[in-house]
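The block underneath contains the structure these notes are about, expressed in structure tokens.
Treat the numbers as computed from the prediction; the structure is a model and nothing was measured. For this chain, numbers begin at 1 and follow the sequence in order.
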Amino acid sequence: MKKELNHNLLDQLMTIAERKKCLDHNSDWFQGPDTYLSGLVNEIAEVRQEIESRRTVYLEDELGDVLWDYVNVLVALRDSHGIDVERVFQRAVNKYEQRISGIEKDQLWDDIKQIQATTLAQEHAIAISATEKDE
């Protein structure tokens with residue numbers, strides 16, 4: 001049976017990450033987004049270890065660490081590169097809804113990806129053009 005996801009948990013995690021950001025910026029070891037990207041690599045290795053060990057509780061804990069580092073990457077990139085965190089989630093929803101819907105309609109994965117790549121390139125060109133007009 002599929003359990004309903006509590007969407008408020010992600011908001012709570014984002015709020016905690018905001019608090020942590022203030023602490024991180026005042027520490028010697030903070031290297032911007034790279035701090036958390038390196039953490040992601042390490043946590044993914046730990047997830048792999050836990051998959052092999054078949055210890056569900058530890059696996060869930062390590063997956064939480066992956067999510068935590070990912071949320072911190074989003075916050076850091078929002079602050080350093082101006083990404084819109086909500087738009088990241090919306091892009092993921094749109095991208096994978098298109099891909100899965102396409103597969104359900106017997107479209108090829110690579111064809112769907114190519115259409116998406118073209119659309120993304122067009123969106124990027126429009127964004128660059130708008131930026132140049134503003135300058």
Side-chain angles (χ1 to χ4, degrees):
M1 178 168 64
K2 182 179 163 187
K3 185 177 177 184
E4 191 67 29
L5 184 63
N6 180 347
H7 301 284
N8 188 40
L9 294 174
L10 184 57
D11 289 335
Q12 290 175 15
L13 197 59
M14 289 293 294
T15 300
I16 297 166
E18 287 292 335
R19 290 172 36 211
K20 184 177 184 297
K21 174 187 79 168
C22 296
L23 300 171
D24 289 352
H25 283 260
N26 294 326
S27 65
D28 298 350
W29 56 265
F30 181 70
Q31 299 295 314
D34 283 339
T35 304
Y36 310 113
L37 290 169
S38 296
L40 265 173
V41 170
N42 295 334
E43 294 302 339
I44 288 170
E46 291 177 15
V47 166
R48 287 186 170 144
Q49 290 173 347
E50 291 307 330
I51 289 170
E52 291 175 15
S53 74
R54 299 182 182 268
R55 300 183 311 174
T56 302
V57 187
Y58 289 96
L59 177 58
E60 290 171 348
D61 187 66
E62 293 303 336
L63 288 167
D65 291 347
V66 169
L67 181 59
W68 172 248
D69 277 328
Y70 180 72
V71 165
N72 281 286
V73 167
L74 291 174
V75 169
L77 288 172
R78 181 201 62 205
D79 293 347
S80 67
H81 288 72
I83 68 155
D84 181 326
V85 173
E86 187 168 332
R87 197 164 41 221
V88 170
F89 288 112
Q90 188 62 59
R91 285 181 184 281
V93 167
N94 293 346
K95 177 189 280 188
Y96 292 101
E97 175 58 35
Q98 288 172 355
R99 289 182 183 182
I100 300 307
S101 292
I103 290 169
E104 290 170 339
K105 296 174 186 170
D106 294 326
Q107 292 177 303
L108 298 175
W109 182 267
D110 288 339
D111 292 346
I112 299 165
K113 285 179 63 175
Q114 183 57 48
I115 291 167
Q116 290 176 328
T118 300
T119 302
L120 192 61
Q122 290 169 345
E123 183 181 343
H124 176 69
I126 290 167
I128 293 296
S129 177
T131 302
E132 290 172 352
K133 285 180 184 177
D134 289 342
E135 293 177 356

_Under 3.5 Å side-chain donor-acceptor pair for E50 and S53_ = yes
*Given L74, which of V85, D79, D84 fulfils the side chain to side chain contact (heavy atoms under 4.5 Å, CB included) condition?*
V85
*Is it possible for you to say whether I115 and I112 belong to one hydrophobic cluster, with membership spreading through side-chain heavy-atom contacts below 4.5 Å?*
no
*asked:* Can you confirm whether F89 sits close enough to L10 that some side-chain heavy atom of one is under 4.5 Å from a side-chain heavy atom of the other?
replied: yes
*So, Q90 versus N94: side-chain donor-acceptor pair below 3.5 Å or not?*
yes
*Drop me the distance from M14's CE to K21's NZ, to the nearest 0.5 angstrom.*
10.0 Å
*Could you pull out the closest heavy-atom pair between S80 and P33, with the gap in Å?*
OG-CG, 3.6 Å
*Where do Q122 and T118 land on the side-chain contact (heavy atoms from CB on, under 4.5 Å) test, with the steps shown first?*
CA-CA 6 Å; Q122 290 169 345; T118 300; 3.9 Å; yes
_Same cluster or not: L37 versus F30, using hydrophobic residues (I, L, V, M, F, W, Y) connected whenever any side-chain heavy atoms lie under 4.5 Å apart?_
yes
*Report the C-alpha separation of E18 and T15 in whole Å, then their side-chain angles, then the decisive distance to 0.1 Å, and conclude whether the side-chain hydrogen bond (donor to acceptor under 3.5 Å, both in side chains) test is met.*
CA-CA 5 Å; E18 287 292 335; T15 300; over 6 Å; no
_Euclidean distance, Y36 OH relative to Q31 CD, rounded to 0.5 Å_ = 11.0 Å
Review item, side-chain donor-acceptor pairs of residues 56-68, under 3.5 Å, at least two apart:
none

_Within 6.0 Å of CD in Q12, more than 12 heavy atoms from elsewhere_ = yes
*asked:* Once rounded to the nearest 0.5 Å, what's the spacing between atom CZ of R48 and atom CD1 of I44?
replied: 7.0 Å
_Side-chain heavy atoms of L40 within contact of N72, under 4.5 Å_ = no
_I16 vs K20 side-chain heavy atoms within contact, under 4.5 Å_ = no
*Are the side chains of T35 and D24 in touch, meaning some heavy atoms are under 4.5 Å apart?*
no
*Please confirm whether the backbone N or O of K95 pairs with a side-chain atom of Q116, one donor and one acceptor, at under 3.5 Å?*
yes
